[in-house]
Amino acid sequence: YGVGSFSEFNSWRKNQLLSFYEVIKGRIHELGQQIGRGGLSKYRDYYFMPQFEVGQQELIDIHHYTYLIDMCSMGKSSGPLTQIVHDVNSHLVNHIYFSTQNRNNYHKMMKTDQFANTKRYMNAFQQNFLSVDWFAEYVGLGFSEINPKEKDINSLTQTVFY
């Protein structure tokens, strides 16, 4: 069983981002207007499910943001819009786990500082995290060491990217 359609993939991304909404809200609130001014609104409607979003501003904001993720990944967004994706990803990097990416110790986690200071990884992360391109390059595998006292557990915070 896997993701059978783009809408399932986008729903997964939305659900992962919703747990960070209060923190990223300042960067993505009313993003739709900025996207429209940036000339990127041609295919935006494919990302939305209006019957589920009426009156739920956080879902609307997240859907605009997932659209922007993909535009940024394809190099279609302008500087200010790309900066929004980079800013959000700069926050998310502190909540994600990464493998050392080395054959001899791939099962070990890279420290966040080490990851952030590695240009090759951090540039790709800032530009592509949660895009189709990201998942074409990296695979996310869950791990079993879950602390039941931790309240903010979702599949994104319990995944190691290899």
Side-chain angles (χ1 to χ4, degrees), residues 2-50 52-53 56-101 106 109-110 112-142 154-162:
V3 176
S5 66
F6 176 77
S7 62
E8 289 178 7
F9 173 66
N10 205 42
S11 291
W12 176 84
R13 294 190 300 180
K14 176 200 67 168
N15 287 329
Q16 302 313 304
L17 290 166
L18 279 172
S19 64
F20 297 100
Y21 181 72
E22 288 305 316
V23 177
I24 65 175
K25 178 181 176 181
R27 290 302 287 146
I28 68 170
H29 186 61
E30 297 184 0
L31 189 55
Q33 295 169 359
Q34 294 175 52
I35 288 171
R37 285 192 300 268
L40 294 176
S41 58
K42 186 174 181 182
Y43 301 105
R44 186 177 57 192
D45 291 344
Y46 293 109
Y47 285 70
F48 301 105
M49 299 174 143
F52 299 115
E53 297 175 358
Q56 298 182 61
Q57 189 61 48
E58 64 274 5
L59 290 177
I60 295 167
D61 290 345
I62 294 287
H63 276 292
H64 285 291
Y65 181 67
T66 59
Y67 179 74
L68 184 58
I69 288 170
D70 294 334
M71 294 297 102
C72 183
S73 179
M74 293 186 296
K76 304 263 186 205
S77 60
S78 63
L81 291 172
T82 299
Q83 189 59 49
I84 291 169
V85 173
H86 288 198
D87 291 348
V88 169
N89 288 343
S90 292
H91 171 74
L92 293 176
V93 75
N94 297 308
H95 301 278
I96 311 298
Y97 298 97
F98 301 92
S99 160
T100 59
Q101 309 294 325
Y106 70 92
M109 305 302 139
M110 189 183 295
T112 302
D113 292 344
Q114 182 184 3
F115 180 86
N117 290 325
T118 306
K119 219 180 226 186
R120 176 177 160 224
Y121 298 132
M122 193 58 185
N123 287 348
F125 182 84
Q126 284 189 307
Q127 188 74 16
N128 298 317
F129 186 60
L130 293 179
S131 71
V132 172
D133 285 346
W134 174 263
F135 290 106
E137 181 70 25
Y138 298 96
V139 63
L141 301 175
N154 65 24
S155 63
L156 189 59
T157 61
Q158 293 299 307
T159 300
V160 179
F161 288 98
Y162 295 89

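Quick caveat, the model's predicted, so the values are computed rather than measured.
Between the side chains of Gln57 and Asp61, at least one donor N or O lies within less than 3.5 Å of an accepting N or O.
Evaluation of the ring-ring contact (aromatic ring centres under 6.0 Å, His included) rule for Tyr65 yields no partner, not counting sequence neighbours. Residues forming a side-chain contact (heavy atoms from CB on, under 4.5 Å) with Asp87 (at least two apart in sequence, or on another chain): Arg27, Gln83. Under the side chain to side chain donor-acceptor pair (under 3.5 Å) criterion, Asp133 pairs with Ser73, sequence neighbours left out.
A 4.5 Å side-chain heavy-atom check between Glu58 and Lys25 finds every atom pair outside the cut-off. Side-chain atoms of Gln34 and Glu30, non-hydrogen and from C-beta on, never get closer than 4.5 Å to each other. The shortest distance between side-chain heavy atoms of His95 and Val23 does not fall below 4.5 Å.
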Given the rule in the side-chain contact (heavy atoms from CB on, under 4.5 Å) test, do Leu130 and Asn89 qualify, once you have shown the distances and angles that lead to the verdict? CA-CA 9 Å; Leu130 293 179; Asn89 288 343; 5.8 Å; no

Can you list the steps and then say if Phe129 with Ile96 is a side-chain contact (heavy atoms from CB on, under 4.5 Å)? CA-CA 11 Å; Phe129 186 60; Ile96 311 298; 4.0 Å; yes

Chi angles and distances behind the side-chain contact (heavy atoms from CB on, under 4.5 Å) call for Leu17, Leu92: CA-CA 9 Å; Leu17 290 166; Leu92 293 176; 3.9 Å; yes

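The structure places OG1 of Thr66 at 10.0 Å from CE of Met71, a figure rounded to the nearest 0.5 Å. Taken from CD in Gln114 to CE in Met122, the straight-line distance is 13.5 Å, to the nearest 0.5 Å. The CD1 atom of Ile84 lies 8.0 Å from the CD1 atom of Ile35; values are rounded to the nearest 0.5 Å. The NZ atom of Lys14 sits 13.5 Å away from the OH atom of Tyr21 when rounded to the nearest 0.5 Å. Ser11 OG to Ile62 CD1: the interatomic distance, rounded to the nearest 0.5 Å, is 12.0 Å. From Tyr138, atom OH reaches atom CG of Asn128 across 9.0 Å, with rounding to the nearest 0.5 Å.
Trp12 and Phe9 have parallel rings, their planes meeting at less than 30° on a 0 to 90° scale where 60° marks the start of perpendicular. Ring orientation note: the planes of Tyr121 and Phe115 are close to parallel, at an angle under 30° on the 30°/60° scale.
Heavy-atom minimum distance, Met110 versus Ser99: CE-O, 3.5 Å. Here the closest non-hydrogen pair linking Val93 and Phe98 is CG2-CE1, 4.1 Å. The shortest heavy-atom contact between Ser77 and Leu81 is CB-CB, 4.1 Å.
Judged by distance alone, the side chain of Glu8 and the main-chain N or O of Gly4 form a donor-acceptor pair under 3.5 Å. Asn10 contributes no side-chain N or O that, together with a main-chain N or O of Phe6, makes up a donor-acceptor pair within less than 3.5 Å. For the pair Gln126 (side chain) and Val85 (backbone), a donor-acceptor distance under 3.5 Å is absent.
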